[in-house]
Amino acid sequence: MEREIVQDIVIVGAGIAGVTTALGLHRLGIRSLVLESSDSLRVTGFSLSIWQNAWKALDAVGVGDKLRHNHRRLHGIVTTSLVTGKQIAAKPFKSTENQEGIEIRCVQRTKVLEVLVNELPKETIRYSSKVVGIEESGFYKILHLADGTTIKTKVLIGMDGVNSLVAKWLGFKEPSFTGRFAIRGFAQFESNHGLELKFMQFFGNGVRVGVVPCNETQVHWFFTCVPTSQELKELKEDRSKLKPYVLKNLENMPSAVRACIEITDADGFLSYALRYRQAWDLMMGNVSKGNVCVGGDALHPMTPDLGQGACCALEDGIVLARCLAEAFSNEKEEEEVQFKKIEESLKKYAKERKWRAVDVTTTAYMLGSIQQAESKLVTFVRENILPAFMAGQYLKKAGYDCGKLNGY
C-alpha cells in the first residue's frame with residue numbers, strides 16, 4: 001500500500017556530500033531525511049586525499065580530530081618523470097616565509113563516512129530508498145520511491161552521484177567521458193612500508209601514478225591510463241587482468257612503489273572510466289531551481305588529478321547547510337514566504353559553488369591531460385617548464401576556505 005511521508009528537507013544520496021549536508025543541518029538544529037538506494041552505507045573506493053580545504057569543512061561539523069588520530073599528516077608532494085626517471089618537482093607542505101602550512105592526509109573512505117554518520121540521529125538515513133520519480137506540487141516536491149512510498153518535501157537536495165536523477169531533473173547533461181581509465185587499490189603491509197610520508201606522483205608515457213601513505217602500514221595508490229579499445233574491453237570483462245596490466249606499465253617504477261601494487265589483493269582493485277562535467281555545462285546549468293539543488297558528484301564530477309572530488313563535496317555540504325539555515329529560522333511563516341526564502345538560500349548556495357566547481361573541474365581536467373600526454377613537445381614543456389606550476393595547483397586549490405557554520 002502506498003504511503004506518504006512529509007519532510008522539510010530531503011537529501012538524495014548518503015555519500016560524503018549528502019551526510020555532510022545532513023550533519024551540517026543537524027548542527028544548526030535542522031532535521032533532514034537522507035534517502036539511500038542501497039540497503040546499507042555504500043562505499044565506493046578505498047581512500048581519499050583530504051586536503052586542507054576539506055579539513056576545514058570537517059572541523060566545521062566537529063569531526064576533524066576524530067579522523068586525524070589514525071591518519072598521518074603528509075610532509076610534501078614529489079613528482080617524478082616516468083620518461084627520464086628523474087624527480088622534476090618537490091613542494092613541502094610545511095610553513096615557510098612565503099607559504100602557510102598545508103594539511104593533507106590520506107584517509108580511508110569508510111572512516112570518513114562512518115565518523116559523519118555516527119554524529120547523525122539514527123533515523124536520519126532511510127536505506128533501500130531508491131527515488132524513481134520527481135513531481136511538483138505547489139510549494140513542495142513529491143518524490144516517488146521504488147517501494148511505492150511517496151515523500152512530500154519543502155526542499156529537495158540531489159547528492160546522488162555522477163548518474164544523478166535530480167541533476168537530470170534540473171536539466172544537466174550526462175557527464176562527459178575523458179577517454180581515460182583509472183585503476184586504484186589499497187595496500188596493507190604487515191610492517192612498516194618504508195615509504196616517506198609524502199604524496200608521490202609519477203607521470204609520462206601516457207600514464208599517471210600516485211602513491212599516498214595513510215600511515216606507516218597502509219598505502220593508497222592509483223593509476224590512470226588511456227587504454228586501447230581492446231584493452232579496455234578486456235579490463236572491464238576480467239578483473240584478474242587489472243593487476244598485471246598496471247605492473248606491465250610500471251616496469252621502471254621504484255621497487256618500493258611497485259611493492260604497493262604487488263601486495264594488493266586481486267579483489268582489492270577498483271577500475272572505472274573517468275568522467276567530468278564540462279565547464280560550459282556548469283556555467284550554463286541550473287545548480288538550483290526553486291526548492292531543488294544539487295551538490296557533490298551530482299554537480300561537479302571531476303577527474304582525480306587534483307584529489308579534490310571528495311574535498312569539494314565536503315565544502316558543498318557546509319555551504320549548503322549554512323545557506324539553508326537562513327530559510328528555516330522562522331517555523332511559523334506562511335508556505336509561500338518560506339518557499340521564497342528557500343529559493344533565495346539555494347540561489348546563494350548555487351552562486352557560491354558554481355564558480356568554485358568550474359575552477360576545480362577545469363584545472364583537474366587540464367592537469368590530467370598534460371600529465372598523460374605523450375607528444376614530445378608537451379613532454380618537454382611538462383618536464384622542463386611546468387613542473388612547479390602544476391605542483392602549485394594542488395596547494396592553490398587546497399587554500400580555499402568554505403567557512404564555518406554560523407552559531408555552531
Side-chain angles (χ1 to χ4, degrees), residues 7-13 16-34 53-54 56-61 134 136 139-141 153-160 164 166-167 169-172 277 279 281-300 308 311-362 397 399-408:
Q7 293 285 327
D8 282 343
I9 301 172
V10 171
I11 301 166
V12 183
I16 287 175
V19 295
T20 302
T21 304
L23 182 54
L25 290 167
H26 174 62
R27 296 300 195 210
L28 296 173
I30 300 169
R31 295 181 62 184
S32 64
L33 176 66
V34 181
N53 53 311
K56 289 178 178 178
L58 290 166
D59 287 336
V61 288
I134 303 169
E136 300 193 55
F139 300 119
Y140 293 82
K141 291 295 179 288
T153 182
K154 293 178 182 178
V155 183
L156 171 59
I157 301 169
M159 301 291 199
D160 44 340
S164 169
V166 181
W169 188 90
L170 286 170
F172 275 111
R277 192 164 318 279
D281 290 340
L282 279 169
M283 288 187 285
M284 300 304 294
N286 294 315
V287 178
S288 74
K289 182 179 179 182
N291 57 351
V292 181
C293 73
V294 286
D297 282 345
L299 170 60
H300 45 65
Q308 279 289 337
C311 298
C312 285
L314 286 161
E315 293 174 6
D316 291 341
I318 301 303
V319 176
L320 181 51
R322 186 171 60 236
C323 291
L324 260 182
E326 298 172 8
F328 284 86
S329 57
N330 185 353
E331 296 181 0
K332 297 181 180 180
E333 289 174 325
E334 294 182 0
E335 287 185 348
E336 183 175 3
V337 174
Q338 188 172 49
F339 178 87
K340 289 294 184 183
K341 290 181 72 173
I342 290 169
E343 184 177 37
E344 289 305 310
S345 70
L346 295 186
K347 283 181 179 179
K348 183 178 179 181
Y349 158 78
K351 183 178 180 181
E352 184 170 341
R353 297 309 297 162
K354 175 178 284 191
W355 298 107
R356 169 67 170 166
V358 169
D359 179 28
V360 179
T361 55
T362 304
K397 303 314 173 197
Y400 181 88
D401 188 348
C402 65
K404 301 182 185 303
L405 294 173
N406 300 330
Y408 175 72

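Tested against Arg277, the residues Thr361, Val358, Leu282 include a single side chain to side chain contact (heavy atoms under 4.5 Å, CB included) partner, Leu282. Between Leu324 and the options Ile9, Asp8, Ile30, a side chain to side chain contact (heavy atoms under 4.5 Å, CB included) holds for only Ile9. A side chain to side chain contact (heavy atoms under 4.5 Å, CB included) with Leu405 is found for exactly one of Leu23, Val319, Val61, namely Val61.
A 4.5 Å side-chain heavy-atom check between Lys397 and Asp359 finds at least one atom pair inside the cut-off.
A donor-acceptor contact under 3.5 angstrom links the side chains of Gln338 and Lys154, judged on distance only. For the residue pair Glu326/Asn406, the side-chain donor-acceptor check at 3.5 Å is not satisfied.
Counting heavy atoms of neighbouring residues, nucleotides and ligands inside a 6.0 Å radius, atom NZ of Lys341 exceeds 12 of them. Atom CE of Met283 sits in a crowded spot, with more than 12 heavy atoms from other residues, nucleotides or ligands closer than 6.0 Å.
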Working for salt bridge (Lys or Arg N to Asp or Glu O under 4.0 Å), residues Glu344 and Lys347: CA-CA 5 Å; Glu344 289 305 310; Lys347 283 181 179 179; 3.7 Å; yes

Please evaluate residues Arg322 and Glu352 with respect to the criterion side chain to side chain contact (heavy atoms under 4.5 Å, CB included), reporting the C-alpha separation (whole Å), side-chain torsions for both, the decisive distance (0.1 Å), and the verdict. CA-CA 12 Å; Arg322 186 171 60 236; Glu352 184 170 341; 3.5 Å; yes

For a side chain to side chain donor-acceptor pair (under 3.5 Å) check, start with the C-alpha distance between Glu343 and Asn291, then their side-chain angles and the critical distance, and finish with the verdict. CA-CA 5 Å; Glu343 184 177 37; Asn291 57 351; over 6 Å; no

Evaluate the criterion side chain to side chain contact (heavy atoms under 4.5 Å, CB included) for residue pair Cys312 and Arg356; output intermediate values, then yes/no. CA-CA 9 Å; Cys312 285; Arg356 169 67 170 166; 4.2 Å; yes

Any chance you could lay out the salt bridge (Lys or Arg N to Asp or Glu O under 4.0 Å) test for Glu335 and Lys340, step after step, and finish with the verdict? CA-CA 9 Å; Glu335 287 185 348; Lys340 289 294 184 183; over 6 Å; no

Derivation and outcome, side chain to side chain contact (heavy atoms under 4.5 Å, CB included), residues Val287 and Tyr349: CA-CA 9 Å; Val287 178; Tyr349 158 78; 4.0 Å; yes

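Here the CZ atom belonging to Arg353 is positioned 10.0 Å from the SG atom belonging to Cys323, to the nearest 0.5 angstrom. Separating the SG atom in Cys311 from the CG atom in Asn53 is a distance of 5.0 Å, to the nearest 0.5 Å. Distance OG/Ser329 to CG/Leu28: 11.5 Å, rounded to 0.5 Å. Atoms CD and CH2, on Glu136 and Trp169 in that order, are 4.5 Å from each other to the nearest 0.5 Å. How far SG of Cys402 is from CG of Leu314: 8.5 Å, rounded to the nearest 0.5 Å. Atom-to-atom distance recorded for Ile157:CD1 and Leu346:CG is 7.0 Å, nearest 0.5 angstrom.
Using a distance-only test at 3.5 Å, with no hydrogens or angles considered, no donor-acceptor pair links the side chain of Lys404 to the main chain of Lys56. Not one N or O on the side chain of Asp316 forms a donor-acceptor pair closer than 3.5 Å with the backbone of Gly295.
Gly296 approaches Met159 most closely through the heavy-atom pair N-SD, 3.9 Å. For the residue pair Ser345 and Ile342, the shortest heavy atom distance occurs at OG-O, 2.7 Å. Here the shortest heavy-atom pairing between His300 and Ala357 reads CB-CB, 3.9 Å. Residues Ala321 and Gly24 come closest through the heavy atom pair CB-C, 3.6 Å. When all heavy atoms of Val294 and Ser164 are compared, the closest pair comes out as CG1-OG, 4.4 Å. Shown here for Thr21 and Leu320, the closest heavy-atom pair between the two residues is CG2-CD2, 3.9 Å.
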